[in-house]
Protein chains: 2
Amino acid sequence: MARGQPADRRERADRILDVTADLLLRWGHRRVTIDEVAGRAGVGKGTVYLHWSGREQIFLAVAAREAAGAIDAVVAAMRADTREVLLHRYMRRLFVEAMQRPVLRAVFTRDAETLDRLLADPRRRPLEGAKLVASREYLGLLGEHGLLRDGLRPEDLDYPLPAVVYGFFASEPLLSHEVVLGLEEKADHVADTLHHAFEPPTLPRSVPRPVAVKAIEIFEQLAREFREVTYGSAK
Amino acid sequence: MARGQPADRRERADRILDVTADLLLRWGHRRVTIDEVAGRAGVGKGTVYLHWSGREQIFLAVAAREAAGAIDAVVAAMRADTREVLLHRYMRRLFVEAMQRPVLRAVFTRDAETLDRLLADPRRRPLEGAKLVASREYLGLLGEHGLLRDGLRPEDLDYPLPAVVYGFFASEPLLSHEVVLGLEEKADHVADTLHHAFEPPTLPRSVPRPVAVKAIEIFEQLAREFREVTYGSAK
DNA sequence: ACGATGACTAGATTAGCACTTTGGTCATTC
DNA sequence: GAATGACCAAAGTGCTAATCTAGTCATCGT
């Protein structure tokens, strides 16, 4: 049945992604078939291919949608409090937001059972560290306004920042059962560690509005890119 | 042929471990058979089982031997310069030493191709972060002598320290090809990050001999434990 | 006229089975 | 009594047939 309402398309895409995310988490990457997804989403299999060009792309879209959502939360927080653009605050919130989203969490903790291929795919990179953790523009902005330690240049963070952040994410499944910390406590450690490692000892009481606005623009652009991956029409 | 010379046993164990390490790196975990190892080491298969109780234990012994060697290097450095017991210096050296030892490197970077099972084995834990990175005694010693930041208690490092260190090790295979750093440069980042994250801004010009001696004892004990795993007789 | 569909096909995956390899043991040897 | 390698159960491998699934596209319904 053809309807073609312009906004229905987005709604349908979301329905398909909802189903995919659900099955992905319950059954794992390998057991999810397009037929099953299409059936549960109430559409024909061919319809799925009207949205994405292949199986991989669908899983990627699920992850990208969650990433966009996480960035939305980051942006909202930055709007509410300009200090949220500070490196340690940003990463703290990203950590919390990412860990609360099952698929993103699986991506970051490298849960092979549920994500398998997605982790091996080179196109996964845009999801991971690179952009999210160390966007050059964002770090440049911090540097320009004295929000990085010493004369620490943004590019000096290229290696250590993603390494440290990755450490907090990926060490999750390895945590000794003696260490039982809640998400917020872990996030505090992330913030504390990053603050001391990469920021000046004393930070300004508040971040100038224009700086925050610039940061927000950077992350909104990033969210837009993720949504393109999410809903970008098939080939 | 029975000889039973007391020291021959150790020599034979090393010969077997040498062969195992070689094959492990060249063929990967899966293709290495006990028969092949025994043959190349010039002993009967049964003899291998006089040293270790099973296949897994042999691979574990290979890794444990390298770990002991790395700790030896750490201890030697501490003897030569007491400042080497400082957290950032210790982890810097451990990073370098571990990365230079192929099997240890594979353990830390989670190279599944060559180590596979070893990584899934719960008994792998003693090899990993836990003991090497955050020995309670060592951290306690640092705390007692004001070598940890602020009023940072040793147990406060239980979570973030291994996470950060793990990050530097495990992010290795993910490094963007744009970031090309030598081992020493990476190690400098490790040291710099850990210094700022967990140590006081200004560190003493030298570490008192007795403190260094105590630290050395701790690491010598650790090396001893690794050697027990390495050469400990079969069940 | 065109978005939506599901029957269809090629290629991948799995099941079943004979055959081979290998971890681990232990009676025998030196 | 330390060292060995023939031995056995169990796991693994290769092969074929049968099944399943990603992706396509002619057809359908509106």
Side-chain angles (χ1 to χ4, degrees), chain A residues 1-17 19-20 23-24 27-62 113 115-118 120-121 123 231-235, chain B residues 1-17 19-20 23-24 27-62 113 115-118 120-121 123 231-235:
Chain A
M1 95 188 56
R3 294 235 288 347
Q5 313 273 359
D8 276 348
R9 195 183 164 79
R10 169 74 164 256
E11 186 194 326
R12 188 175 62 183
D14 275 320
R15 205 167 64 246
I16 295 170
L17 293 179
V19 169
T20 306
L23 294 184
L24 189 55
W27 296 355
H29 179 274
R30 292 168 50 91
R31 304 199 175 287
V32 178
T33 68
I34 305 297
D35 260 314
E36 188 71 33
V37 168
R40 290 182 183 230
V43 300
K45 182 157 65 153
T47 305
V48 173
Y49 285 89
L50 294 178
H51 286 270
W52 301 278
S53 62
R55 190 179 133 88
E56 288 297 297
Q57 301 307 315
I58 300 169
F59 293 113
L60 220 51
V62 169
E113 180 60 23
L115 279 163
D116 211 2
R117 293 260 187 79
L118 201 52
D121 193 322
R123 278 161 301 190
Y231 302 108
S233 62
K235 54 177 172 185
Chain B
M1 94 187 59
R3 296 241 282 347
Q5 313 271 1
D8 277 348
R9 195 183 164 80
R10 168 74 163 258
E11 186 195 325
R12 188 176 62 185
D14 276 320
R15 204 167 63 245
I16 295 170
L17 293 179
V19 169
T20 306
L23 293 185
L24 190 55
W27 296 356
H29 178 274
R30 291 168 50 92
R31 303 200 175 289
V32 178
T33 68
I34 305 296
D35 261 315
E36 188 71 32
V37 168
R40 290 183 182 229
V43 299
K45 182 158 63 154
T47 305
V48 173
Y49 287 88
L50 294 177
H51 286 270
W52 302 278
S53 62
R55 193 180 130 88
E56 289 297 296
Q57 301 308 313
I58 300 169
F59 293 115
L60 219 49
V62 169
E113 179 61 24
L115 278 163
D116 211 5
R117 294 260 186 80
L118 201 52
D121 193 323
R123 279 162 300 190
Y231 302 108
S233 62
K235 55 177 171 186

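Throughout, a chain's letter reflects where its sequence line sits, starting with A, and its residues are numbered from 1.
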Are any of A/Arg30's side-chain N or O atoms less than 4.0 Å away from OP1 or OP2 of C/dT14?
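Checking C/dT14 against A/Arg30, a side-chain N or O does come within under 4.0 Å of OP1 or OP2.
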Strictly below 4.0 Å: does A/Arg12 bring a side-chain N or O up to OP1 or OP2 of C/dA4?
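Yes, A/Arg12 has a side-chain N/O under 4.0 Å of OP1/OP2 on C/dA4.
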Taking the side chain as C-beta and beyond, is there a heavy-atom pair between [X] and [Y] under 4.5 Å?
| X | Y | answer |
| --- | --- | --- |
| B/Tyr49 | B/Ile34 | yes |
| A/Trp27 | A/Thr33 | no |
| B/Glu36 | B/Arg31 | no |

Can any side-chain N or O of B/Arg55 pair as donor or acceptor with the backbone N or O of B/Val32 at less than 3.5 Å?
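Checking the backbone N and O of B/Val32 against the side chain of B/Arg55, a donor-acceptor pair under 3.5 Å is found.
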[atom1] of [X] versus [atom2] of [N]: gap in Å, rounded?
| X | N | atom1 | atom2 | result |
| --- | --- | --- | --- | --- |
| A/His29 | D/dT21 | NE2 | P | 14 Å |
| A/Arg55 | C/dT13 | CZ | P | 10 Å |
| A/Leu23 | D/dT21 | CG | C1' | 15 Å |
| B/Ile34 | C/dT22 | CD1 | P | 11 Å |
| A/Tyr49 | D/dC25 | OH | P | 13 Å |
| B/Glu36 | C/dG23 | CD | P | 11 Å |
| A/His51 | C/dA4 | NE2 | P | 7 Å |
| A/Asp35 | D/dT24 | CG | P | 14 Å |

So, taking the atom named CZ in B/Arg9 and the one named NE2 in B/His51, what distance separates them when rounded to the nearest 0.5 Å?
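One finds 4.5 Å between CZ of B/Arg9 and NE2 of B/His51.
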Spacing of OG1 belonging to A/Thr20 relative to NE2 belonging to A/His29, to within rounding of 0.5 Å
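Rounded to the nearest 0.5 Å, the OG1-NE2 separation comes out at 11.0 Å.
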Between D/dA22, D/dT4, C/dG23, spot the one nearest the side chain of B/Val43, thanks.
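So the side chain of B/Val43 is nearest to D/dT4.
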Quick one: which of C/dT22, C/dG24, D/dA3 gets closest to the side chain of B/Thr47?
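Among C/dT22, C/dG24, D/dA3, the one nearest the side chain of B/Thr47 is D/dA3.
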Between B/Gly44 and A/Lys45, name the one whose nearest nucleotide on DNA chain D is closer to the 5' end.
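Counting from the 5' end, the first nearest nucleotide belongs to B/Gly44.
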Is DNA chain D part of any stem, that is, at least 3 consecutive Watson-Crick or G-U pairs with both distances under 3.5 Å, and where?
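The stems that DNA chain D takes part in, listed by first number, are C:1-30 with D:1-30.
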Find every protein N or O atom lying less than 3.5 Å from an N or O atom of nucleotides 26-28 of chain D, and list the pairs.
none

Please report the closest heavy-atom contact between B/Ala41 and B/Ile16, naming both atoms and the distance.
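Minimum heavy-atom contact is CB-CG1, 3.9 Å.
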Minimum heavy-atom distance between B/Leu17 and B/Ala61, given as atom pair plus value:
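Smallest interatomic distance, heavy atoms only, reads CD2-CB, 3.8 Å.
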Of B/Val32 and B/Gly46, the one whose closest DNA chain C nucleotide lies more 5'
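So the residue in question is B/Val32.
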Partner of A/Val37 by side chain to side chain contact (heavy atoms under 4.5 Å, CB included), out of A/Val43, A/Leu23, A/Ile58:
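Result: among A/Val43, A/Leu23, A/Ile58, A/Leu23 is the only option passing the side chain to side chain contact (heavy atoms under 4.5 Å, CB included) with A/Val37.
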